[in-house]
Amino acid sequence: QRGLSFNVIHRYAVVDKYLSDLARQYSNVQVASGGKSVEGRDIKYLRISSNNFQSSNKPVVVIQSLLHAREWVTLPVTLYAIHKLVIDVTEQDLVRDIDWVIIPIANPDGYEFTHTRTRMWRKNRRTGMGLCIGVDLNRNFDFAWGTASSNQACSDTFHGPRAFSEPETQMTRDIINRYRSRIGLFIDVHSFGSLILYGYGNRQLPPHSNTLQQVAVEMAKRIDAVKWPANRNYRVGNIAQVLYQASGGCSDFAQARIGNKLSYTYELPAHRNLNNMNGFLVDPAFIRQAGYETWEGIKFAARYVVKNRNLYF
Ligand code: 0X9
Ligand code: ZN
């Protein structure tokens with residue numbers, strides 16, 4: 001198994017087959033379906049564990065990408081993590097001390113639609129709301145739902161008819177709830193903006209926001225140290241303070257459920273100095289780089305969890 005190449009952004013079917021192949025070839029990898037999307041695609045995720053995942057008591061790190069369909073560069077970040085945890089394992093402690101849940105394509109219908117029809121599609125592909133299609137999955141989680149989002153189906157930030165109305169958000173919710181007591185770190189990967197954000201999207205700060213801030217600052221340092229092609233200048237902070245108010249966010253729901261542990265929304269950098277180019281487009285030369293440099297940050301937070309596990313578990 002040589003893994004997937006890092007010179008293109010792979011389609012759903014390619015990733016789907018890859019996950020199944022890994023589970024067949026590596027005894028520490030399980031593939032599962034979290035359920036079906038609106039259009040009936042399986043939402044697959046991996047569990048990586050050196051012992052039996054279910055009966056293990058190691059901390060769990062969850063990484064998710066492509067909740068927003070057009071944010072293509074987020075996919076190689078999770079694929080790179082899988083590569084370093086399964087195929088090219090150079091840092092054994094990461095698989096010895098941690099169990100991993102990785103959801104590469106959280107919004108498969110929207111993602112395929114960006115390949116076949118509309119490159120800048122963001123939402124899922126929910127129909128039945130009149131002329132407009134799609135719910136913004138990152139406004140559909142049950143945290144302050146409906147307070148800083150749109151009730152208009154045509155809006156790109158439409159929160160849906162109710163919290164967790166969508167199978168895609170139910171899937172992530174169920175994973176969070178199932179492993180809640182063991183999740184030490186939850187990362188929802190988005191693009192773009194070079195940001196590491198923590199809760200909450202309504203300006204309220206979690207009680208351990210100092211820890212969230214300090215760990216994120218260290219993650220950003222690790223990423224910035226890679227310097228390709230220049231320092232990334234990652235910024236860190238509360239979502240509402242650094243970016244804007246937003247309700248129903250995935251990482252906010254995760255944060256509320258996992259208590260004093262770590263939950264972040266990552267906004268990856270645009271692929272290069274874009275100036276007036278569109279930041280969602282991906283330069284092939286940046287694909288591997290995005291995976292590599294983001295992994296530097298994730299590793300820091302994952303090891304922080306292991307080091308401090310007595311505080312959490
Ligand atoms: O607006 C969003 O959903 C995210 N930015 S993006 O450009 N990828 O759309 C940021 C969401 C962070 N908010 C919460 N987690 N509440
Ligand atoms: Zn996004």
Side-chain angles (χ1 to χ4, degrees), residues 9 62-78 103-111 113-114 118-124 134-150 152 155-160 163-164 166 168-169 172-173 176 183 185-206 209 212-213 216 219 234-258 261-271 274 278-282 290 294:
I9 301 293
V62 183
I63 312 174
Q64 170 175 277
S65 53
L66 283 178
L67 191 63
H68 283 149
R70 64 190 171 194
E71 297 168 10
W72 283 13
V73 76
T74 67
L75 178 59
V77 165
T78 48
I103 313 160
I105 306 181
N107 174 10
D109 301 344
Y111 180 56
F113 192 72
T114 63
T118 304
R119 176 65 183 84
M120 288 302 135
W121 193 257
R122 164 181 168 100
K123 302 187 286 183
N124 77 347
V135 169
D136 182 353
L137 298 175
N138 212 26
R139 300 293 181 277
N140 189 243
F141 285 75
D142 192 8
F143 184 91
W145 181 85
T147 57
S149 51
S150 175
Q152 303 293 310
S155 166
D156 244 356
T157 56
F158 176 48
H159 50 52
F164 292 126
E166 306 309 298
E168 294 89 352
T169 54
T172 307
R173 173 197 66 190
I176 292 167
I183 296 174
L185 172 64
F186 183 96
I187 300 181
D188 188 27
V189 188
H190 288 252
S191 74
F192 57 95
S194 299
L195 302 167
I196 302 176
L197 305 168
Y198 51 83
Y200 291 106
N202 60 1
R203 290 179 182 275
Q204 180 198 336
L205 289 173
S209 62
L212 289 163
Q213 171 77 21
M219 293 166 87
Y234 259 87
R235 286 181 303 136
V236 162
N238 168 266
I239 289 154
Q241 284 169 18
V242 174
L243 198 56
Y244 41 63
Q245 293 201 38
S247 56
C250 177
S251 69
D252 282 359
F253 174 77
Q255 183 65 78
R257 296 297 285 155
I258 66 180
K261 296 170 281 170
L262 308 172
S263 177
Y264 295 108
T265 297
Y266 247 82
E267 297 284 352
L268 297 185
H271 56 294
L274 287 156
N278 186 319
F280 294 113
L281 301 179
V282 180
T294 311

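Position 1 is the first residue of the sequence, and the numbers go up from there. Start at 1 and go down the list; that is how both ligands and their atoms are numbered. Note that these values count all heavy atoms, side chains included, but never hydrogens, waters or copies made by symmetry.
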Looking at every non-hydrogen atom in both residues, tell me the closest pair between L212 and P206 and how far apart they are.
CD1-CG, 3.8 Å
H190 versus N138, closest heavy-atom pair with distance:
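That would be CE1-ND2, 3.6 Å.
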Is any side-chain heavy atom of [X] closer than 4.5 Å to a side-chain heavy atom of [Y]?
{"X": "Y198", "Y": "S251", "value": "no"}
{"X": "Y266", "Y": "T74", "value": "no"}
{"X": "Y111", "Y": "L75", "value": "yes"}

For Y244, which part has a heavy atom under 4.0 Å from ligand 1: side chain, backbone, both, or neither?
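Side chain only.
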At a 4.0 Å threshold, what atoms of ligand 1 neighbour a non-hydrogen atom of [X]?
{"X": "R122", "answer": "1 (O), 2 (C), 3 (O), 6 (S), 9 (O)"}
{"X": "E71", "answer": "6 (S), 8 (N), 9 (O)"}
{"X": "H190", "answer": "8 (N)"}
{"X": "A246", "answer": "16 (N)"}
{"X": "S191", "answer": "7 (O), 8 (N)"}
{"X": "L243", "answer": "10 (C)"}
{"X": "N138", "answer": "2 (C), 3 (O), 4 (C), 11 (C)"}

Looking only at atom types and distance, does a side-chain atom of W145 sit under 3.5 Å from a main-chain N or O of H159, one as donor and one as acceptor?
yes
Please report which non-hydrogen protein atom sits nearest to [atom], along with the residue it belongs to and the distance in Å to one decimal place.
{"atom": "atom 15 (N) of ligand 1", "result": "S251 OG, 3.1 Å"}
{"atom": "atom 6 (S) of ligand 1", "result": "E267 OE2, 3.4 Å"}
{"atom": "atom 16 (N) of ligand 1", "result": "D252 OD2, 3.0 Å"}

Restricting to heavy atoms, the pick from I239, N202, V242, L268 nearest atom 12 (C) of ligand 1 would be I239
Compute the minimum heavy-atom distance from F192 to ligand 1 and say whether it is under 4.0 Å.
no
Nearest-0.5 Å distance that lies between atom OG1 in T172 and atom CG in L67:
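It is 6.5 Å, given to the nearest 0.5 Å.
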Side chain to side chain contact (heavy atoms under 4.5 Å, CB included) between R139 and F158: does it pass, once the steps are laid out?
CA-CA 7 Å; R139 300 293 181 277; F158 176 48; over 6 Å; no
Without hydrogens or angle criteria, can the side chains of N124 and E166 be said to hold a donor-acceptor pair below 3.5 Å?
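Distance-only check passes for N124 and E166.
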For F164, ring pair (Phe, Tyr, Trp, His ring centres under 6.0 Å) partners two or more places apart
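Partners of F164 under the ring pair (Phe, Tyr, Trp, His ring centres under 6.0 Å) test: F141, F253.
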Taking only residues two or more places apart in sequence, or in another chain, which ones meet Y264 in a ring pair (Phe, Tyr, Trp, His ring centres under 6.0 Å)?
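Expected list: none.
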Atoms (protein N, O or S; no water) under 2.8 Å from the Zn ion (ligand 2):
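Count of protein N, O, S atoms less than 2.8 Å from the Zn ion (ligand 2): 4.
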Output every pair passing side-chain hydrogen bond (donor to acceptor under 3.5 Å, both in side chains) with a member in residues 236-249, not counting sequence neighbours, ordered by first then second residue.
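Non-adjacent pairs meeting side-chain hydrogen bond (donor to acceptor under 3.5 Å, both in side chains): S149-S247.
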